[in-house]
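Everything on this sheet refers to the single structure shown next.
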Amino acid sequence: MLRIAFAPVRSCLTLIAFTAAVLLSTSALGQTAPPAAAPAAAPELRVFDAALVDKTVDPCENFYRYSCNGWFKRNPLPADQAAYGRFTELAELNRLHLKQILEENATPAATRSANQQKIGDEYASCMDTAAVNKQGLASLQPELDRIAALKSVAALPALLAHLHTIGVNAFFGMGSNQDFADASSVISFYGAGGLGLPERDYYTRTDAKTVEQRQQYVSHVHNIFKLAGEPEDEAAKDAAIVLALETRLAKASLTITEQRDPRNLNHPTDVAGLSKELTHFKLADYVATVHAPATGKANDMEPKFFAEFNTLLADTPIEQIRTYLRWHLLHAYAGTSLPESFDQENWNFYAHTLNGAEKQQERWKRCTSRVDHEMGEALGQVYAERYFPPSAKQHALEMTLSIEKAMDKDIDSLDWMSAATKIRAKEKLHTVMNKIGYPDKWRDYSKLEIVRGDALGNQMRAHQFEQARDLAKIGKPVDKGEWQMTPPTVNAYYDPQMNNVNFPAGYFQPPFYSEKEDDAANYGDMGSTIGHELTHGFDDEGRQYDKDGNLKEWWTKEDEQKFTDRAECMVKQYDAIEAVPGVHLNGKLTLGENLADLGGLWLAWLSWLDKAQAAHVDMTAQTDGYTPDQRFWIAYAQQWCTQTRPEQLRSQAQGDPHAPDEYRTNTVLQDLPEFAKSFSCKKTAAMVSPKPCRVW
Ligand SMILES: [Zn+2]
């Protein structure tokens with residue numbers, strides 16, 4: 001994955017990322033950790049679990065509590081977690097499976113394949129804290145020396161290019177991506193970057209909590225500089241410089257809500273055109289050092305940001321630029337590659353201060369995530385062979401096809417959409433490519449060198465390998481078989497430029513999917529996710545792309561207006577929710593996910609009803625005390641059982657495109673009269689919206 005997510009990929013889950021460094025080194029929820037219990041001792045994970053239902057709660061008043069209270073009782077929030085839910089429950093189980101694979105390969109043996117040597121030795125290197133502590137900053141010294149040798153901005157392009165190849169997120173990001181106008185071609189993308197706090201609003205908000213978080217950030221930067229050997233005064237001065245420079249970059253960057261509209265990010269140019277804009281940054285030197293093409297199409301994602309970057313280079317003393325680069329270098333490596341003092345300080349700010357975790361994750365968990373990030377398809381190949389049988393893959397595909405069929409019928413039934421737009425919508429739907437489990441062709445890691453005992457060097461080489469792989473795509477035909485998530489990941493995504501849905505093997509497992517359970521359970525849970533990803537192709541963002549993945553109008557003006565009016569109902573609905581005292585959800589930021597949640601669940605429901613009818617399911621027959629439709633809704637709700645710390649809830653409400661899980665359950669169901677009917681809810685009940693929103 002790129003340092004900056006250029007592709008407007010939409011996943012179905014909140015990403016809990018504790019540190020910028022870890023954000024790069026793990027995917028999805030892989031990073032929050034499990035209860036200490038061994039999997040053998042844990043209760044069987046079920047998709048629909050009657051034992052988790054709390055019958056003392058009225059399902060028409062709070063369906064989330066009704067469906068999840070039993071799970072909350074069983075699963076107190078572990079100290080090393082900012083949030084712990086059913087996704088983490090499975091992610092932790094998957095992580096134990098990965099650990100076993102890594103441990104099997106961590107002992108040098110002549111029989112290991114090239115990939116086994118790499119994943120095994122990288123895991124062993126990461127686990128060897130004694131060696132990492134002993135090495136100290138020695139392995140980073142050549143990089144610190146390079147920065148110290150920077151005497152003028154004229155030499156910055158080559159230095160920055162080198163730092164980017166080793167994973168240092170300073171100033172901006174550059175990578176390959178499909179052209180917005182022509183999804184069949186891959187071009188260079190230049191995007192805003194260079195921040196140490198999670199996103200730009202952390203630098204601009206003026207509320208007391210954010211002001212405090214900024215002060216805590218400055219202390220963190222100060223502490224990292226001190227650990228790197230700077231005297232107290234100098235470290236304090238340098239930390240203030242970092243905040244000042246980053247604030248300038250942040251103020252020139254788009255907000256995360258603005259970034260959701262692809263039109264805000266599409267500014268076609270070419271390398272020569274961008275060079276002309278960057279009068280104080282010789283782009284030719286940069287592209288030569290990263291080995292990107294010296295000519296050709298490019299996209300300047302945020303022109304205002306690059307203009308400010310250019311000005312900043314002209315008016316900032318060179319020693320301040322060195323300070324800023326030194327911070328980002330230390331920051332990029334302040335995880336499992338540097339001594340525990342750095343690792344601890346890094347955890348303390350990003351996981352504890354910002355997100356509320358009370359205890360650091362055990363090292364084996366972080367090392368497992370690290371290998372999954374660096375060589376996910378080498379590790380994931382073994383995982384998929386062991387844990388994703390062909391029968392599950394076949395069933396997953398059948399479910400996906402049946403939900404696509406339901407969407408086809410649903411488009412026919414829409415009373416607000418014209419016939420002309422319906423034809424286009426169906427064309428797009430029929431072109432969606434379904435990717436399930438793992439890639440058809442595995443990534444080739446032969447050019448990546450992993451040296452046993454050299455954790456930091458391995459991290460650097462893994463970044464260089466990934467960067468080279470990414471930039472080599474520029475100018476070549478698009479590879480639609482490429483995956484953005486690794487096979488063991490508990491998550492899924494829709495990619496609007498590829499027009500494909502992607503469901504990793506790690507997700508098609510209990511408690512989200514089970515070959516042992518019936519359709520009511522599997523469609524309520526996994527079916528709703530499949531519908532969710534599919535609906536992303538038609539949410540406020542995805543609908544702007546045509547069937548070939550081009551950013552191109554295909555709606556009539558009237559239909560577009562009707563869509564926007566209907567979507568506005570949901571914007572208001574979520575804006576009204578106060579997630580933590582004083583912090584409301586952002587209806588515009590979460591709109592795409594909310595549309596996908598509601599549309600996805602509706603499609604799963606339609607698809608399941610069809611199947612149940614065809615199979616002559618007795619809709620009045622009870623299993624564990626519930627009718628099939630009631631089990632469908634409970635299975636939907638139970639996927640979202642999650643305990644969340646207030647700090648994490650706050651970060652999520654402010655910066656995550658996904659609404660917190662309680663609302664992904666209750667607010668969605670309030671909009672579906674079919675749910676209210678299954679539980680005979682009165683019109684005045686809390687779980688019944690007086691004016692339900694509906695788009696898809
Ligand atoms: Zn989503």
Side-chain angles (χ1 to χ4, degrees), residues 1 5 7-17 27-30 83 85-88 90-91 256-257 259-262 396 399-400 403-404 407 428-429 432-436 483-485 489-504 506-508 512-513 524-545 549 567 570-571 573-574 585-604 636-637 639-640 642 652-653 655-665 667-669 671 693 695-696:
M1 296 279 280
V9 160
R10 285 285 157 235
S11 72
C12 74
L13 289 178
T14 292
L15 307 181
I16 298 179
S27 48
L29 290 169
R86 303 224 84 190
F87 287 84
T88 5
L90 174 57
I256 46 177
T257 305
Q259 283 174 7
R260 285 199 62 252
D261 187 343
M399 284 178 74
T400 308
I403 286 165
E404 285 169 355
M407 186 168 216
K428 180 166 180 177
L429 171 64
V432 171
M433 179 179 164
N434 301 317
K435 284 161 64 192
I436 290 166
W483 282 69
Q484 307 259 6
M485 285 180 183
T489 304
V490 186
N491 204 342
Y493 68 97
Y494 171 77
D495 185 330
Q497 290 185 287
M498 296 277 188
N499 194 20
N500 60 23
V501 285
N502 302 261
F503 303 103
Y507 198 177
F508 268 92
F512 300 102
Y513 164 82
D525 189 329
M526 184 55 77
S528 70
T529 296
I530 297 171
H532 172 105
E533 300 310 337
L534 200 58
T535 306
H536 270 315
F538 303 87
D539 70 18
D540 60 318
E541 186 178 350
R543 71 167 194 86
Q544 300 189 49
Y545 297 83
M570 293 183 78
V571 172
Q573 190 178 26
Y574 285 83
L585 297 187
N586 177 341
K588 274 214 166 65
L589 175 66
T590 56
L591 178 59
E593 295 303 330
N594 299 334
L595 280 164
D597 279 344
L598 181 57
L601 179 56
W602 175 241
L603 293 179
Y636 172 73
Q639 72 182 302
W640 299 119
T642 304
Q652 197 179 339
D656 197 298
H658 304 86
D661 295 335
E662 180 179 347
Y663 312 109
R664 296 189 75 172
T665 309
T667 312
V668 172
L669 292 172
D671 283 338
C693 301
V695 182
W696 295 104

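Every heavy atom of this structure was used, including side-chain atoms; hydrogens, water molecules and symmetry mates were not. Atoms within a ligand are numbered from 1 in the order they appear, just like the ligands themselves.
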### Message
Quick one about Tyr494 and Asn499 (side-chain donor to acceptor, distance below 3.5 Å, no hydrogens or angles considered), yes or no?
### Response
yes
#### Entry: Heavy-atom side-chain contact between Glu404 and Asn434 under 4.5 Å
yes
### Message
So, at under 2.8 Å, which protein N, O or S atoms would a careful student list around the Zn ion (ligand 1)?
### Response
Ser11 O, His532 NE2, His536 NE2, Glu593 OE1
#### Entry: Minimal non-hydrogen separation, Asn594 against Ala659, with atom names
OD1-CB, 3.8 Å
### Lys428 to Phe538, cation-pi by 6.0 Å centre distance and 45° axis angle
yes
### Query
CZ/Arg260 to CG/Asp540 distance, rounded to the nearest 0.5 angstrom?
4.0 Å
### Chi angles and distances behind the side chain to side chain contact (heavy atoms under 4.5 Å, CB included) call for Tyr493, Met485
CA-CA 8 Å; Tyr493 68 97; Met485 285 180 183; 3.5 Å; yes
